[in-house]
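Positions are given from 1, in the same order as the sequence printed here.
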Amino acid sequence: MNIFNTKLELKAFLAEQKERAKSIGFVPTMGALHQGHLSLVKRAKEKNDIAVVSIFVNPTQFDSNEDLKKYPQTLENDKELLESVACDVLFVPSVEEIYDNNISSEKFNFDGLEHEMEGKFREGHFDGVGTIVKALLEIVMPNTAYFGKKDFQQLQIVKKLAEKYDLPVKIKGRPIYREDDGLAMSSRNARLTKEHREIAPFIYKTLKKAKKKFGAKDIEELTKWVKKQFKKEPLLELEYFTIADENTLQTPKNIEAKKKYRAFIAVFAGDIRLIDNVGLK
């Protein structure tokens, strides 16, 4: 596995590969890798000649310095995991390498996608996401970039970013990877207390029940039902539950048969914020 810390070295290496007509699949990550990340790398390997992974904990997308400091960083273990799936290239830049001396976000207009769900609770978050994803895509210039559907809103925003900035890259979403008990895999899961880890699968169980009830109950009724379920679980605090159109991410007034909908949820387990979603039929 080739490891690069500077944009210049990485670009030079990838330019050489492109001259040899090699296709490039890219997986941007913040490290603390798990099987969900590795599934994206495997997909990048299957569909491209070269799989590139970046590990960069992006300061501009965190809500607080405290959360940034607590984000798990496990670089040596991450390297081993990436080698186990035959990753070709790892890019591990410093904050200075990406931002120079100006750690700030660009401002983006994602046609309203940024104001829904996460955007309502995490001001400026998607400006941070847009800034780093745009920078990384411009550095790597991949044929295809792969993102997990756990961050479905982020996936739709990255698609919009590529479209608006005319970036020559395909953005592909891949299925959510789950633990055996249903909890969506996340780097933050490692920070859960034993008690919170035991109760956390309740989130997905509730989503699955809501999926079954979808259609039989209207959206308002279903939302009330979900809130009621979480009131029974003192260790979990529901931040939001919403049903949204997959394309606009807006909650519809009426369900239309031809449109695709998804249920989204954000829950606090202690001070750890967990998100999840399921597609609805």
Student: Output yes when Asp181 and Lys205 qualify as a salt bridge under the 4.0 Å nitrogen-oxygen rule, no when they do not.
Tutor: no
Student: Please list, chain by chain and in numerical order, all residues satisfying side-chain hydrogen bond (donor to acceptor under 3.5 Å, both in side chains) with Lys212, sequence neighbours excluded.
Tutor: none
Student: Going by an N to O cut-off under 4.0 Å, is there a salt bridge joining Glu118 and Arg273?
Tutor: yes
Student: Are Lys134 and Tyr165 in a cation-pi contact, defined as NZ or CZ under 6.0 Å from the six-membered ring centre and within 45° of the axis?
Tutor: yes
Student: Cut-off 3.5 Å, no hydrogens considered: what does the side-chain donor-acceptor table look like for residues 32-41, sequence neighbours left out?
Tutor:
| from | atom 1 | to | atom 2 | distance (Å) |
| --- | --- | --- | --- | --- |
| His34 | ND1 | Gly36 | N | 3.0 |
| His37 | ND1 | His34 | N | 3.0 |
| Ser39 | OG | Gly36 | O | 2.6 |

Student: So, are Glu221 and Lys224 salt-bridged, with charged N and O less than 4.0 Å apart?
Tutor: no
Student: For a quick check under 3.5 Å, do Thr131 and Tyr99 share a side-chain donor-acceptor pair by atom type?
Tutor: no
Student: Centroid-to-centroid, Phe230 to Phe241, below 6.0 Å?
Tutor: no
Student: Taking the six-membered ring for Trp, are Tyr240 and Phe121 ring centroids under 6.0 Å apart?
Tutor: yes
Student: So, Lys69 and Glu66, do they make that salt bridge, N to O below 4.0 Å?
Tutor: no
Student: Check Lys164 with Asp111, please: is the shortest side-chain N to carboxylate O separation under 4.0 Å?
Tutor: yes
Student: Who passes side-chain hydrogen bond (donor to acceptor under 3.5 Å, both in side chains) against Glu198, sequence neighbours left out?
Tutor: Lys194
Student: Output all residues satisfying side-chain hydrogen bond (donor to acceptor under 3.5 Å, both in side chains) with Thr6, sequence neighbours left out; order by chain, then residue number.
Tutor: Glu9
Student: Any salt bridge between Arg20 and Asp49, counting N to O under 4.0 Å?
Tutor: no
Student: In terms of side-chain geometry, is the basic nitrogen of Asp67 or Arg188 positioned less than 4.0 Å from the acidic oxygen of its partner?
Tutor: yes
Student: In this structure, is the centre-to-centre distance between the rings of Phe62 and Tyr71 below 6.0 Å?
Tutor: yes
Student: Can you list everything that forms a side-chain contact (heavy atoms from CB on, under 4.5 Å) with Lys209? Sequence neighbours excluded, please.
Tutor: Trp225
Student: Is NZ or CZ of Arg174 both nearer than 6.0 Å to the six-membered ring centre of Phe147 and within 45° of the ring axis?
Tutor: no
Student: Would you please name every residue forming a side-chain hydrogen bond (donor to acceptor under 3.5 Å, both in side chains) with Thr242, sequence neighbours left out?
Tutor: Thr251
